[in-house]
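This structure is a prediction, so every number in the text was calculated from the model and none was measured. Counting from 1, the numbers follow the sequence of the chain as shown.
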Amino acid sequence: VVGVEITRQALETFVAESNTDWTQFPVPKLGKAAKVFARNDNKMKLYFADIQEFSSQIEGRFDAMYDRGSIQYVEPDRLSRYAQTLKDLLNPGARLLLEVVEYDLKMLEDENLPLRVPPPYSMTTEDVKRLFEPECTVERVETHTCDRFLGKDADYHVHIIIKN
């Protein structure tokens, strides 16, 4: 298992709570602050780095990947590059499970927002298709509505993206 996370605290918390021994190494080709946390049994590596700096030269290509909403935290002007990075990391025929949230952007206008705010950018199935097709086939496999964010309805979409 290989993971890439830009929030160091999230990685350190995961490593500390895993009850497994880890070793930490710098990864200069991913930036000055980049590190990899490697489980001592060699079954998992977690990179503290920007995924957009990651490439197949570091860990190869993958048959399966999972993005649980991270794409919605990427600035719009960097979104195409982010999607291209994910596509470049997939082997032909590989699958990416992508979860996104679609919501009315007006809900962010409230000045007294509670802690459970949605990701900064809403994303539709059409947005996902625009980013990944034609190099990949995009299929929405699940949608459910909930009021997790600000007590207002938001649609969770789960997509399977298959690299052609």
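In this structure, the side chain of Thr7 does not engage the main chain of Gln9 through any donor-acceptor pair within 3.5 Å. In this structure, Thr13 contributes its side chain and Leu11 its backbone to no donor-acceptor pair below 3.5 Å. A donor-acceptor distance shorter than 3.5 angstrom exists from the side chain of Lys163 to the backbone of Leu90, with no hydrogens or angles considered.
Heavy-atom neighbours of Lys35 NZ from other residues, nucleotides or ligands within 6.0 Å: above the threshold of 12. Within 6.0 Å of CZ in Arg8 there are more than 12 heavy atoms belonging to other residues, nucleotides or ligands. Within a 6.0 Å radius of CZ in Arg39, other residues, nucleotides and ligands contribute more than 12 heavy atoms.
With no hydrogens or angles considered, a side-chain donor-acceptor pair links Arg140 and Thr125 at under 3.5 Å. Judged purely by distance below 3.5 Å, without hydrogens or angles, the side chains of Thr143 and Asp155 never pair a donor atom with an acceptor atom.
In this structure, the side chains of Val36 and Leu46 stay at 4.5 Å or more apart for every pair of heavy atoms. At a threshold of 4.5 Å between non-hydrogen side-chain atoms, the residues Leu86 and Leu96 count as touching. Contact of the Cys136 side chain with the Ile161 side chain is registered, since non-hydrogen atoms from C-beta on lie closer than 4.5 Å.
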Arg130 vs Glu126, salt bridge (charged side-chain N to carboxylate O under 4.0 Å, His left out): CA-CA, chis, key distance, verdict:
CA-CA 6 Å; Arg130 198 170 25 259; Glu126 291 73 28; over 6 Å; no

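When all heavy atoms of Val4 and Ala49 are compared, the pair lying nearest together is CG1-O, 3.5 Å. Between Asp153 and Asp147 the shortest heavy-atom distance is OD1-CB, 4.1 Å. Smallest separation of non-hydrogen atoms from Leu89 and Ser56: CD2-N, 3.6 Å.
Checked against a 6.0 Å centroid threshold, the rings of Tyr47 and Phe54 count as neighbours.
Here the CE atom belonging to Met44 is positioned 8.0 Å from the OG1 atom belonging to Thr20, to the nearest 0.5 angstrom. From Asp21, atom CG reaches atom CG of Asp41 across 9.0 Å, with rounding to the nearest 0.5 Å. Glu133 CD to Asn164 CG: the interatomic distance, rounded to the nearest 0.5 Å, is 8.5 Å. Expressed to the nearest 0.5 Å, how far CG of Asp67 lies from CD1 of Ile51 amounts to 8.5 Å.
Counting Ile, Leu, Val, Met, Phe, Trp and Tyr side chains that sit under 4.5 Å apart, directly or through other members, Tyr121 stands alone, with no cluster partners.
The aromatic rings of Trp22 and Phe14 lie perpendicular to each other, with more than 60° between the two planes, well past the 30° mark.
A salt bridge (charged side-chain N to carboxylate O under 4.0 Å, His left out) check over residues 78-90, counting only residues at least two apart or in different chains, returns the pairs Asp50-Arg78, Glu53-Arg81, Lys87-Glu135.
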Only pairs under 3.5 Å count here: list side-chain donor-acceptor contacts from residues 97-105, not counting sequence neighbours, and write none if there are none.
from   : atom 1 : to     : atom 2 : distance (Å)
Glu99  : OE2    : Tyr66  : OH     : 2.8
Glu102 : OE1    : His157 : NE2    : 2.6
Tyr103 : OH     : Pro119 : O      : 2.4
Tyr103 : OH     : Pro120 : O      : 3.4
Asp104 : OD1    : Lys106 : N      : 3.0

